[in-house]
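Here's the structure, in structure tokens; my notes come after.
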Amino acid sequence: MADSYDRAASLVLVMLKGEASPTPEIIQKKVNLVLAMLQAEGNLDSVDRDRLIRDIESRCEVWRGTATILEEKKNHTVWLPYRKSQVEWKFWKRYERYLMEERGFSEQSIITLDDLTDSVLERLEEPQREGAWDRRGMVVGHVQSGKTANYTGLICKAADAGYRLIIVLAGMHKSLRSQTQLRLDQGFLGFDTQLNRAFDHQNLRIGVGRLPGEEFITAHSLTSSADKGDFNRKIASQAGVMLGGSDPILLVVKKNKSVLANLINWAVNIRGHEDPHTLKKIVHGIPLLVIDDEADNASVNTTTIPRDENGLPLDDYDVSAINGKIRALLSHFEKSAYVGYTATPFANIFIYPEGETTTHGEDLFPRDFIINLPPPPNYIGPSQIFGFSRNGENDAESRSDLQIIRKIDDYRKFIPDDHWKDHIPGRLPESLKKALKSFIISCAVRRARGERKNHNSMLVHVTRYTNVQKEVGRRVNDELNRLRRQLEYTDPLSPEGIYREMKELWDSDYVPTTRSVLQQIGDPLITEVTWDEVQPDLYDAAARIQVKLINGTAKDALDYNEYSDGLSVIAIGGDKLSRGLTLEGLSVSYYLRASKMYDTLMQMGRWFGFRPGYIDLCRLYTSRDLVEWYQYINLASEELRSEFDYMATLNATPSDYGLRVRTHPDGLLITAVNKMRSGTVMNVSFGNSLIETVFFHRDPETLRNNLNAIDQFLRGLGSPSSFSGSSEQHLLWDNVPTRAILEMLNEYIIHEACRKANPRLLKEYLEKRSSQGELTHWTIALINNSAPTHTFFLGGHKIGLTWRKDPNPSDPKYALTKGHIIDPKHEYIDLTSEQVDEALRMMQADPDRKSRSQKVPKVPSGPYIRAVRSSQRGLLLIYPLDPEPPKVEVPAIGLAFSIPSSPMDVKVEYKVNNVYWEQEFDS
């Protein structure tokens, strides 16, 4: 039974139904009514009225984001608008009620979820549609942003509409499969599958099944939430559940070759009929929906496609095991729909669209639709944690990081980056000891704020090897016990000892961080507390903490549902903690895994997600290198998402986007080569791209070389043809031939960390495109800071140096904070007012801009600017930089190339050695 606070919150949300945007006054009125009612029942306990009001205000924040959609409309019959009033939405209505009354969702959040799940459902086929059909789509969310709630809602609606077999592919590990099954037991089935898989009125009801007065709707499961509850053909045959009946059947299975093979054999042997033309057994009349959770993991074929002498794929070839089984499952059903859910979709986009074989059927490319979900308003993602600028330093959509990262460099003796499975960790580094103290403080602060039954988790993710994890766990447990004993037996008023250490950490870290976070985000649940309020809870918080190993050999499991008073846990693990598995109440992370691939890194980011009332208490202890990689790949991700939104305004299809990603410069970084399906050869296009130098050498020799290269280049251009019309008085040269750009690039040294600005590829691209009559001339803009700290003569012109923050002066390279060098307005410095207006009209006409910002854009952003730029003319922006040294001798010179679209989509070939790639990027 929920405690008084949870019951009060649930009743307030129910009373707010029908209020589109409840005002603070309405919320206060409903809170007062509910508290008066509970008090009259003698059931009030100690509900904090002010905290309840803040909590409801936070939950009722309006979520206005809309999904962006790319779709191929051929061979699809529109059906949902015509059938919506005819379907009895029993599963969905019950799930809606569960989300509000038991999970604390506001009506606004549920309305948005209703719209988003409708967007997916209507792009599947109507289950009653005659004949053979199959649909392939993908839903792109954000890491830890509520994808499970989305596809649970989709499953409820699909069952209501008439899909009768629903299979959820839930990751590679049994812990994730069990967690997913439990959530679907609660949100869809309504009973505990550990006790009985088939529907029975005597089943132990949980989740939606326990709602008072709610119908117990018939639905079966052939898997259970038990640790060994995966699909078993023998158990399925004994369950007494008939495939093809009127009741929906759910299976939640691991992505495992033998499990999928048994599942296919079971379904085909029961209901399959041999097709006289292909001799293949086909299951007729049973609409199948496959939900592929974490669709970029294991589902993608990583086997190179063999081709004939004409370069075309062969009719039949072996594919990677799990990919082949998923494709075979779909091909055995006359009516099927496949929806992949992922936050890192780029491996799926690399799937070769024509990769069909006789044996396995069509590959899993999302040919019919890709839906890009907006992040919820209270979601804390990579942009909030690492900072983000969509176009440049002064971009209106820029945001600073939340300052919860703690960079560490004392771990190498403890866990070297290149350690092996027989490594024996040394003594705990001071940074990990500090992280443990931070976790105790964070738990204590939450208790001081009134969150006394909430879960608290700490992640320690430093190695993939289970033997090493075990040793790390032993040392962490020893240190935790030491801290506990000191907190128990030390006088809190003693001027020395653990309480003094804790207070120093509180004063130097927690107090300023909370104030900083409160200035950036409007979370009404975050309240400032004093040390005197926190200190009494320190020992109690530490005493509750357990250390658990979460790996393939561990018996420990993170079943938060067993702890009604809240679980406080330090989870130590590797791959099982890397993807999908949710850590409830995660506040402190100590993370050292060294993968540099986009999808691997982002999925390992368990610290992304929802942190209501305690994001200021979260800490990420990690290396400087990993922070730098996260910042870069977040920019790469945002640029490709922006590209997605832009292509949606052009009514492009998933195939169009797939081609764009496969040729995008950032496409080289986003996933492992073996998932790119093109072996070691890639084709790259810089069309409609902004290519910037954002890393620079610090050594005087290289800085002077680049200074001389740009100085000679500018002197060769002669007098500027014009000055910009703005007050900055930037210098512009028109009609500079591409040949001059290429000669300059032969002398200018681009830092190797600027992987998107690969100089060999860039020069080859410019040569190839200009030889075909495109990109023949450039505008050169020398950027002048009108209010500089320092000036410099360059090309014979006195120039004010542009300031760009140097966050790590001790780093061997100078890295720009937000991964951009440009000011966004500079990208249209050479366009006519008519061209700028046209770009702005295109941008404002994009109905999905509101998924990112409620403000109507006043200036156009990059993709729209480059779309109106002539395909014959590029723009090169030159930035003499002042990273604020005490004495300027040789400024760094930054470049930004704004390259227009190419109707001919010129590409250059890029060859990659897979072994080198894996050593460089993948752990």
Legend entry - Derivation of the side chain to side chain contact (heavy atoms under 4.5 Å, CB included) call for L875 and I829: CA-CA 9 Å; L875 169 67; I829 199 170; 4.0 Å; yes
Inset, instruction - Walk me through it: do V140 and I371 pass the test side chain to side chain contact (heavy atoms under 4.5 Å, CB included)? - result: CA-CA 6 Å; V140 181; I371 298 178; over 6 Å; no
Inset, instruction - Output, in order, the C-alpha distance, side-chain angles, deciding distance and verdict of side chain to side chain donor-acceptor pair (under 3.5 Å) for H790 and D882. - result: CA-CA 7 Å; H790 300 96; D882 179 2; 2.8 Å; yes
Legend entry - Full working for side chain to side chain donor-acceptor pair (under 3.5 Å) between K763 and N746: CA-CA 9 Å; K763 287 187 287 187; N746 286 332; 3.2 Å; yes
Legend entry - Trace of the side chain to side chain contact (heavy atoms under 4.5 Å, CB included) decision for T653 with F369: CA-CA 7 Å; T653 68; F369 62 88; over 6 Å; no
Inset, instruction - Kindly indicate, with the supporting measurements, whether the criterion side chain to side chain contact (heavy atoms under 4.5 Å, CB included) is fulfilled by L801 and T791. - result: CA-CA 5 Å; L801 299 184; T791 59; 5.9 Å; no
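Contact record, P880 with L794: CG-CD2, 3.8 Å, taken as the closest heavy-atom pair. Nearest approach of N688 to S901, heavy atoms of both residues: CB-OG, 3.4 Å. The two residues R698 and Y814 make their nearest non-hydrogen contact at NH2-CA, 3.6 Å. Heavy-atom minimum distance, P891 versus F792: CD-CE1, 3.6 Å. Between D823 and R804 the shortest heavy-atom distance is N-NH2, 3.8 Å. Here the closest non-hydrogen pair linking M744 and I710 is SD-CD1, 3.8 Å.
Side-chain atoms of H820 and E692 include a donor-acceptor pair closer than 3.5 Å. When only modelled atom types and interatomic distance are considered, W803 and T789 share no side-chain donor-acceptor pair under 3.5 Å. Using modelled atom types, one finds no donor on one side chain facing an acceptor on the other under 3.5 Å when comparing T776 with Q872. No donor-acceptor contact under 3.5 angstrom links the side chains of N705 and T702, judged on distance only.
Counting heavy atoms from C-beta on, the side chains of W778 and N735 never come closer than 4.5 Å. In this structure, L881 and I893 have side chains that are not in contact, with every pair of non-hydrogen atoms separated by 4.5 Å or more. At least one side-chain heavy atom of T622 sits less than 4.5 Å from a side-chain heavy atom of V627. Side-chain contact between N708 and V890 is absent, with no heavy-atom pair separated by less than 4.5 Å. Two residues are said to be in side-chain contact when any heavy atoms from C-beta on lie closer than 4.5 Å; F897 and L877 fail this criterion. Residues T802 and N784 fail the side-chain proximity criterion, which asks for heavy atoms closer than 4.5 Å. Inter-residue side-chain proximity for R866 and L690 is flagged as met; some heavy-atom pair is nearer than 4.5 Å. Side-chain contact between W733 and L714 is present, with at least one heavy-atom pair separated by less than 4.5 Å.
Here the side chain of S771 pairs a donor or acceptor atom with the backbone of K768 at under 3.5 angstrom. Judged by distance alone, with hydrogens and angles left aside, the side-chain atoms of R136 form no donor-acceptor pair with the main-chain N or O of R367 at under 3.5 Å. The backbone N or O of D734 lies less than 3.5 Å from a partner atom in the side chain of S721, making a donor-acceptor pair. Looking only at distances, no side-chain donor or acceptor of S871 sits under 3.5 Å from a matching main-chain atom of L775.
Rounding to the nearest 0.5 Å gives a distance of 9.0 Å between OG of S786 and CD of Q729. Distance check: N785 CG to H730 NE2 gives 8.5 Å after rounding to the nearest 0.5 Å. Note: F696 CZ to I750 CD1 = 10.0 Å, rounded to the nearest 0.5 Å. In this structure, L762 CG and C754 SG are separated by 11.5 Å, a value rounded to the nearest 0.5 Å. Atom CD1 of residue I691 and atom OG of residue S898 lie 9.5 Å apart, to the nearest 0.5 angstrom. To the nearest 0.5 angstrom, I878 atom CD1 is 6.5 Å from L895 atom CG.
Salt-bridge check for R715 with D711: passed, with a basic side-chain N closer than 4.0 Å to an acidic carboxylate O. Using a 4.0 Å cut-off between charged side-chain N and carboxylate O, R760 and E764 make a salt bridge. At a threshold of 4.0 Å, the pair R869-D830 counts as salt-bridged, since one of the basic side-chain nitrogens sits closer than that to a carboxylate oxygen. The pair R769-E774 meets the salt-bridge criterion, since a charged nitrogen lies less than 4.0 angstrom from a carboxylate oxygen.
Around the CD atom of E747, the shell of radius 6.0 Å holds no more than 12 heavy atoms that belong to other residues, nucleotides or ligands.
Ring centers of H826 and Y879: under 6.0 Å apart, within the cut-off.
Note on ring orientation: taking the six-membered ring where Trp is involved, the planes of F686 and Y765 are perpendicular (angle over 60°, cut-offs 30° and 60°).
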